[in-house]
Amino acid sequence: MRIMRGLSLRHLNKTETAGPGAVIPIARAVLVDMEPKVINQTLSKAAQSGRWKYGQHSSFCQKQGSGNNWAYGYSVHGPRHEESIRNLIQKEVEKCDSLSGFFIIMSMAGGTGSGLGAFVTQNLQDQYSNSLKMNQIIWPYGTGEVIVQNYNSILTLSHLYRSSDALLVHENDAVHKICAKLMNIKQISFSDINQVLAHQLGSVFQPTYSAEGSFHYRRNPLGDLMENLVPHPEFKMLGVRNIPQMSENSLAYSTFTWAGLLKHLRQMLISNAKMEEGIDWQIRPPLPGLPSLSKMSLNKELHFNTSIANLLILRGKDVHSADLEGFKDPALYTSWLEPVNAFNVWRTQRAFSKYEKSAALVSNSQFLVKPLDMIVGKAWNMFASKAYVHQYTKFGIEEEDFLDSFALLEQVVASYCTL
C-alpha cells in the first residue's frame with residue numbers, strides 16, 4: 001500500500017496565473033510516475049478544487065511501472081527518462097527569482113518512488129549542487145506491503161543519505177494509528193492517510209514570522225529548517241509530531257492551553273511517542289552524571305529519546321505567552337551541542353487549520369533507530385539467503401551495492417545510538 005506513488009518536486013517560490021475570471025495559483029511542482037493513473041487523479045482533483053492547480057505541462061508519466069523493483073526504477077527508468085524529467089524541472093527552476101531548494105516527496109516500498117526517486121535526487125545533487133534537497137519519505141508498514149520492500153528501503157535510504165541534505169520521515173504505521181485513534185476513523189482510506197500527512201507538512205511549512213517581534217514572514221523556511229536541525233551530515237533523519245490532532249466531533253468539546261499542549265508534546269518527544277494518546281509518562285530525562293538509557297544496546301528497548309536538535313512551531317492565539325523552558329533542558333540533547341544551538345522556535349498568531357492553538361515539533365533524534373535497525377535486519381536476513389537478489393542483479397544492481405547499503409545504514413544506526 002503506497003501512499004504516494006512516484007514523487008513530486010516542489011520548489012519554494014510562488015507563482016500565479018490568471019484563469020478565466022479568476023486568479024488561480026499554480027503549484028510550482030513536477031509530478032513523476034511511470035503509470036498514468038495516480039498522476040491523472042492528482043491533476044484532476046487539484047483542478048476541481050477551484051483554489052489551485054498543477055501546471056499543464058508539469059507532469060511526466062509512462063505506461064509501464066517498475067514492478068516494485070528498486071533496480072528497475074533506478075537503473076532502467078532513471079537513465080531512460082533522465083533528460084525529459086530534467087527538462088521539466090529546469091522549466092520550473094527558470095520561473096524562480098531565487099531558487100532556494102527542492103522538496104522531494106516519495107515512497108520507499110515500491111520501485112518507482114524509491115528507485116526513480118533516488119535517481120532524480122542524485123541528478124538534482126549533480127545539477128544543482130548549491131541548492132538544498134529535502135526528501136520527504138513514506139516509511140512502509142512494518143507488516144509488509146511488498147515482499148521486497150526491505151531491499152527497496154535500504155537501497156533508497158543509503159542513496160539518499162549520499163545525495164540529500166535531510167530526510168523527513170513519515171511512518172505509515174504511525175499515521176495509520178493517528179487516523180484510527182485520534183481521528184476516530186473506522187475504515188481508513190488513502191485519502192485519510194494523505195490528509196494527516198498534509199496536515200503535518202502544512203503545520204511545518206505554512207508561513208511563520210522570521211524573528212521574535214518581526215511581522216515579516218520567512219523567505220526560506222526550508223533553508224532555515226535545515227540550518228536549525230541538521231548540524232552534521234551523519235545525522236539527517238527528521239520526524240514531525242503534532243498536537244492537537246483530533247476529529248471535528250472531539251474538537252467541539254475541547255479547550256487548549258499552551259502549558260498543556262507543550263507538556264504533552266515534550267513527553268511525546270522524550271518517550272518517542274508518535275501521538276498524544278498512550279504517552280509513557282514514566283520516562284524522564286537522565287540525571288546529570290548518569291548514563292542515558294538511550295545508550296543501551298539495540299538488543300534492549302530504547303527508552304529515553306535523545307535529541308540532536310528540535311524546532312518548535314507554534315501557531316495561534318497568545319502564541320508569545322507560551323513557556324518554552326521545558327524544551328531548553330540540556331538533558332534532552334546530546335552532549336556535543338549546547339541547547340542554545342539545539343533548540344529553536346518559530347511562531348505566528350495565525351491559527352492553523354481548525355485549531356485555535358497548535359504546535360508542531362520537528363526533531364532530529366533517535367526516533368528512527370529501532371525501525372531502521374529492524375528494516376536493515378529483515379533485509380539482511382533475506383540477502384543472506386540470496387532471496388530475490390537475482391531480480392536486482394539483472395538490472396545492474398550488484399551484491400556489492402547491497403553490502404555498501406548495509407554498511408552505510410549500520411553506521412547511521414550506530415551513530416544515533418551513541419548520542
Side-chain angles (χ1 to χ4, degrees), residues 2-15 17 25-47 52-97 99-138 152 155-156 159-160 162-165 222 392 394-397 401:
R2 283 175 285 179
I3 310 305
M4 297 178 188
R5 298 199 45 188
L7 55 146
S8 71
L9 303 161
R10 297 183 184 276
H11 305 116
L12 305 178
N13 300 31
K14 300 174 184 175
T15 185
T17 187
I26 296 181
R28 185 157 292 170
V30 175
L31 305 180
V32 180
D33 202 352
M34 291 298 104
E35 295 172 289
K37 181 180 177 182
V38 174
I39 282 189
N40 290 339
Q41 289 175 344
T42 303
L43 295 174
S44 174
K45 191 172 181 180
W52 66 283
K53 63 182 181 180
Y54 288 101
Q56 193 174 354
H57 305 292
S58 61
S59 62
F60 180 86
C61 60
Q62 295 290 293
K63 300 296 184 186
Q64 180 190 12
S66 302
N68 292 323
N69 188 327
W70 188 94
Y72 198 87
Y74 183 86
S75 301
V76 178
H77 283 316
R80 182 180 294 167
H81 305 299
E82 175 180 1
E83 187 175 352
S84 298
I85 296 170
R86 185 171 62 230
N87 289 340
L88 282 176
I89 296 170
Q90 182 66 31
K91 286 178 183 176
E92 294 298 327
V93 168
E94 288 171 356
K95 297 174 186 175
C96 300
D97 295 326
L99 175 66
S100 301
F102 299 91
F103 187 60
I104 304 117
I105 300 175
M106 55 188 281
S107 61
M108 288 205 313
T112 298
S114 61
L116 184 58
F119 183 89
V120 171
T121 303
Q122 195 172 304
N123 241 317
L124 289 172
Q125 175 62 16
D126 295 338
Q127 292 277 314
Y128 305 96
S129 56
N130 293 327
S131 297
L132 295 168
K133 271 76 59 182
M134 175 182 280
N135 292 69
Q136 189 244 354
I137 52 179
I138 305 297
N152 294 339
L155 290 165
T156 301
H159 280 72
L160 292 182
R162 296 183 184 102
S163 55
S164 181
D165 297 297
L222 184 63
Y392 292 76
K394 70 181 180 183
F395 295 117
I397 301 301
D401 297 312

*Asks:* With side chains defined as the heavy atoms from C-beta onward, is the minimum distance between I26 and K53 less than 4.5 Å?
*Replies:*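 Contact flag for I26/K53 side chains = yes.
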*Asks:* Is there a side-chain contact between S75 and I397 (heavy atoms, below 4.5 Å)?
*Replies:*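 Yes, their side chains come closer than 4.5 Å.
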*Asks:* For the residue pair H159 and W70, categorise the inter-ring angle as parallel (less than 30°), tilted (30 to 60°) or perpendicular (more than 60°).
*Replies:*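 Tilted.
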*Asks:* Please check if atom CD in Q56 has more than 12 non-hydrogen atoms from other residues, nucleotides or ligands closer than 6.0 Å.
*Replies:*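 Result for CD/Q56: open.
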*Asks:* When rounded to the nearest 0.5 angstrom, what distance separates CG in N135 from OG1 in T121?
*Replies:*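 Spacing of CG (N135) from OG1 (T121) equals 4.0 Å.
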*Asks:* Say you draw a straight line from CG of L124 to OG of S164; how long is it, rounded to the nearest 0.5 Å?
*Replies:*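 With rounding to 0.5 Å, CG (L124) is 9.5 Å from OG (S164).
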*Asks:* Given K133 and S163, is the side-chain contact (heavy atoms from CB on, under 4.5 Å) satisfied, shown in steps?
*Replies:* CA-CA 8 Å; K133 271 76 59 182; S163 55; over 6 Å; no
*Asks:* If I compare all heavy atoms of S66 with all of G73, which pair ends up nearest, and what's the gap?
*Replies:*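 Distance-wise, the nearest heavy atoms are OG-CA, 3.8 Å.
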*Asks:* Would you call the rings of F395 and Y72 parallel, tilted or perpendicular, where under 30° means parallel and over 60° means perpendicular?
*Replies:*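 The arrangement is perpendicular - the two ring planes meet at more than 60°.
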*Asks:* State, yes or no, whether a side-chain contact exists between V32 and V30 at a heavy-atom distance under 4.5 Å.
*Replies:*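 Yes; the side chains approach each other to less than 4.5 Å.
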*Asks:* Show every salt bridge (Lys or Arg N to Asp or Glu O under 4.0 Å) that has at least one partner inside residues 56-82, sequence neighbours left out.
*Replies:*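 Applying salt bridge (Lys or Arg N to Asp or Glu O under 4.0 Å) to every pair that reaches into residues 56-82, excluding sequence neighbours, yields E82-R86.
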*Asks:* Roughly how far, to the nearest 0.5 Å, is the CZ atom of R28 from the OH atom of Y54?
*Replies:*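 Here the rounded value is 14.5 Å.
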*Asks:* Search all heavy atoms of A29 against all heavy atoms of S58 and return the closest pair with its distance.
*Replies:*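 The pair with the smallest heavy-atom distance is O-CB, 3.2 Å.
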*Asks:* Could you tell me the separation between the NE2 atom of H81 and the CG atom of L116, rounded to the nearest 0.5 Å?
*Replies:*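 If we round to the nearest 0.5 Å, H81:NE2 and L116:CG are 8.0 Å apart.
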*Asks:* Take S114 and N152 through the test side-chain hydrogen bond (donor to acceptor under 3.5 Å, both in side chains) and record every step on the way to the result.
*Replies:* CA-CA 7 Å; S114 61; N152 294 339; 4.9 Å; no
*Asks:* Enter the distance from Q62:CD to E35:CD here, rounded to the nearest 0.5 Å.
*Replies:*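 CD of E35 is found 11.0 Å from CD of Q62.
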*Asks:* Roughly how far, to the nearest 0.5 Å, is OG of S44 from CD1 of I39?
*Replies:*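 Taking CD1 in I39 and OG in S44, the distance rounds to 13.5 Å.
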*Asks:* Taking the side chain as everything from C-beta on, heavy atoms only, tell me whether H57 gets closer than 4.5 Å to K91.
*Replies:*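 The answer is no; the side chains never approach within 4.5 Å.
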*Asks:* Among pairs that include at least one residue of residues 105-126, which meet ring pair (Phe, Tyr, Trp, His ring centres under 6.0 Å), considering only residues two or more places apart or in two chains?
*Replies:*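 Those involving residues 105-126 are Y74-F119.
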*Asks:* So with a 6.0 Å cut-off around CD of E83, is the heavy-atom count from everything else above 12?
*Replies:*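 No, not enclosed.
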*Asks:* Does some side-chain heavy atom of I104 sit less than 4.5 Å from a side-chain heavy atom of V120?
*Replies:*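 No. Closest side-chain heavy atoms not under 4.5 Å.
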*Asks:* Given side chains that start at C-beta, do those of F60 and I89 come closer than 4.5 Å, heavy atoms only?
*Replies:*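 They are not in side-chain contact.
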*Asks:* Would a 4.5 Å heavy-atom cut-off, applied to side chains only, mark S131 and L99 as touching?
*Replies:*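 SC-SC contact between S131 and L99 confirmed.
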*Asks:* Do L155 and Y392 have side chains that approach each other closer than 4.5 Å (heavy atoms only, starting at C-beta)?
*Replies:*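 Yes - at least one pair of side-chain heavy atoms lies under 4.5 Å apart.
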